[in-house]
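Reviewing the structure listed below.
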Amino acid sequence: MAFKAPRGTRDMLPLESDKWNFVERKFRELCYNYNFAEIRTPVFEETELFVRSAGEESDVVKKEMYIFKDRGGRELALRPEGTAGVVRAYLEHSLHNNAQPVKLFYYGPMFRYDRPQAGRQRQFYQMGIEIFGTKDPASDVEVIKFTADFFSKLGFKDLKLHINSVGCPECRPLFQKDLEEFARTKISLLCGDCRKRALNNPLRLLDCKNDSCREVMKDSSPINAYLCSSCGTHFEDVLKLLKALNISFYVDSGLVRGLDYYTNTAFEFLSCQLGSQNALGGGGRYDNLVEHCGGPQVPGVGMAVGVERILLALEKEELFPVKDQPEGVFLAVESTDLWEERFNLLYLLRDNDFRVETDYLNRSLKAQMKFANRNSFRFVIIMGVEDKSKGIVKLRDMVNGEQVELSFEKIPAFLRKKIE
RNA sequence: GUGGGUGUAGCUCAGCAUGGUUAGAGCGCCAGGUUGUGGCCCUGGAGGCCGUGGGUUCGAGUCCCAUCACUCACCCCA
């Protein structure tokens, strides 16, 4: 085999495409119900856009971006996430002048140069939504409720919602400073990674997987204690609304998101089926992102889910509707002399919106029947040589073996009746 | 980027610790037989440079090294 798909990428074969379509359909339907409109942005943007939005210090920017120079010398990057491009488009087309809020959804491939693993690829698909132009805690909740609805529409029952507030540029620095100091006093008890984190990115101290570190950090004061009054109220309101909607959640004071643009609400939906790549989706509020990207002060909130992970989790929980229902029509023919009649009937049926297939390999009638059976065709139409003069064909229902003789014109109506 | 496991037909895997003539099974695919014309059963066939490249050896799918890919954990997140 000469060529292989590049590392961290995958082909989607026909067997899987039904599953993808299932997930996509549910997503689009829900977007319609919630009044989110679709936006499609390029898969690559100026590198600077991502640096600006995700933050210079974020892992995504520091080590995971696919960056390249095009032939004109432009510095470009494949998008590692969807929000930045949407924000750019929002500004470029002055959507802030439209009636607010602006509610958008997107779906497409994202790219991160990371070490592949189950549920983690270099090209992966995200579906996401964004709401621009409102700070109302109800809009945070709308995004979370949307996500919860989406998962339950797919059939998930036991997903965990973790939620936290990461504060704002007013209150977060104080928290960070205290956290850093706290870590410094306990430095000897922390793992090597955490010692580094204490200096570079104290927030990350909170989600170390190491039990002993967790034990130590448990005694640091949680961020809730530092939230300024507006952040505190916002968070409380969000939680209150979640309760009102009967959405169960767990306040995880260790939840911090990897992209720097988040403010206030941060949340993740976790699956217990998935091992270490267990976040099916997540999101949060980003009230300063638009301004930070050179626009007016427009608040926003959004989320994204990972399609491959959803598919993995659905697979594990066996939630795909097992549909191998026979459907469609196979047009079998006894002799290749009958091309003209065959085509006439083939296109007659297709024009009448039936799914129809015929044989192109000159196979025996028996082989054609077998093919039809294996491929779950509900009906087989058999054109016999002798029937030609009579203008008749045989129509067989493969489910119960019933077979009738019909003229061409009567077939569409007959099939329609049968399918009901 | 770090560490562990794996890599044999389209798919799921056996064979490898004790190297030895044409590398196996099931499913799938193709053809034929028996059912008028599928499903069950029977027969036959196609399909593998044993991930790739080196090395050890008279001889390597089997041993050694490297490399690539997958996988699990770290990391990070979706």
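What you see is a predicted model; the values in this text were computed from it and never measured. Below, chain A is the first sequence line, B the second, and so on; all start at residue 1.
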Quantified in whole Å, what is the [atom1] atom distance between nucleotide [N] and nucleotide [M]?
| N | M | atom1 | value |
| --- | --- | --- | --- |
| B:C42 | B:G26 | P | 11 Å |
| B:G5 | B:U21 | C1' | 34 Å |
| B:A31 | B:U37 | P | 15 Å |
| B:G3 | B:A17 | P | 28 Å |
| B:A73 | B:U67 | C1' | 23 Å |
| B:A66 | B:G24 | P | 32 Å |
| B:G45 | B:G28 | C1' | 14 Å |
| B:C30 | B:G36 | C1' | 23 Å |

Side chain of [X], heavy atoms from C-beta onward: which of [options] has the nearest atom to it?
| X | options | value |
| --- | --- | --- |
| A:Q126 | B:C76, B:G32, B:A78 | B:A78 |
| A:R396 | B:C75, B:C40, B:U37 | B:U37 |
| A:K370 | B:G39, B:A78, B:U37 | B:G39 |
| A:S364 | B:U37, B:G32, B:A78 | B:G32 |
| A:R309 | B:A78, B:C76, B:G39 | B:A78 |
| A:R363 | B:C30, B:A78, B:G39 | B:C30 |

Check the distance between [N]'s [atom2] and [X]'s [atom1] and give it to me in whole angstrom.
| X | N | atom1 | atom2 | answer |
| --- | --- | --- | --- | --- |
| A:L78 | B:A78 | CG | C1' | 17 Å |
| A:Q368 | B:U37 | CD | C1' | 10 Å |
| A:R112 | B:G1 | CZ | P | 18 Å |
| A:L255 | B:C76 | CG | P | 13 Å |
| A:N373 | B:C41 | CG | P | 13 Å |

Seminar exercise, completed: Judged by nearest nucleotide, the residue sitting upstream toward the 5' end of RNA chain B, A:Q403 or A:D114, is A:Q403

Exercise. Closer to the 5' end of RNA chain B via nearest nucleotide, is it A:K394 or A:R374?
Worked result: A:R374

Using only heavy-atom distances, determine whether the side chains of [X] and [Y] contain a donor-acceptor pair under 3.5 Å.
| X | Y | value |
| --- | --- | --- |
| A:R342 | A:T358 | yes |
| A:Y286 | A:E130 | yes |
| A:Y66 | A:E64 | no |
| A:S271 | A:R309 | no |

Enumerate the protein-to-nucleotides 66-73 of chain B contacts in which both atoms are nitrogen or oxygen and the separation is below 3.5 Å.
unit_1, atom_1, unit_2, atom_2, d
B:C70, OP1, A:G8, N, 2.9
B:C70, OP2, A:R7, NE, 2.8
B:U71, OP1, A:R10, NH2, 3.2
B:C72, OP2, A:A118, N, 2.4
B:A73, OP1, A:S276, N, 3.2
B:A73, OP2, A:Q117, NE2, 3.2
B:A73, OP2, A:S276, OG, 3.4

Exercise. Does the pair A:K145/A:D149 count as a salt bridge with the N-to-O cut at 4.0 Å?
Worked result: yes

Complement of [N], any strand, by Watson-Crick or G-U distances under 3.5 angstrom:
| N | result |
| --- | --- |
| B:C63 | B:G55 |
| B:U18 | none |
| B:G39 | none |
| B:A69 | B:U6 |
| B:G48 | none |

Could you write out each protein N or O paired with an N or O of nucleotides 46-48 of chain B at a distance under 3.5 Å?
none

Exercise. At their closest point, which heavy atom of A:P80 faces which heavy atom of A:R112, and how far apart are they?
Worked result: O-NE, 2.8 Å

For this session: Heavy atoms only: give me the nearest A:A332-A:L365 pair and the separation to one decimal.
Result: CB-CD1, 3.9 Å

Using a 4.0 Å heavy-atom cut-off across all strands, classify [X] as base, sugar-phosphate, or nothing.
| X | value |
| --- | --- |
| A:A304 | sugar-phosphate |
| A:K366 | base |
| A:Q121 | base |
| A:N400 | nothing |
| A:L280 | sugar-phosphate |

Problem set entry | Geometric cation-pi criterion A:R355 and A:F377, 6.0 Å radius, 45° cone | yes

Problem set entry | Aromatic A:F371 / basic A:R363 pairing, under 6.0 angstrom, 45° off normal | yes

Exercise. How are the rings of A:F267 and A:F269 set to each other: parallel, tilted or perpendicular (split at 30° and 60°)?
Worked result: perpendicular

Exercise. How would you label the glycosidic angle of B:A23: syn (within 90° of 0) or anti?
Worked result: anti

For this session: Please tell me if the side chains of A:H292 and A:R52 come closer than 4.5 Å, counting only heavy atoms from C-beta onward.
Result: yes

For this session: Could you check A:F50, A:F111, A:Y113 and say which one makes a side chain to side chain contact (heavy atoms under 4.5 Å, CB included) with A:L78?
Result: A:F111

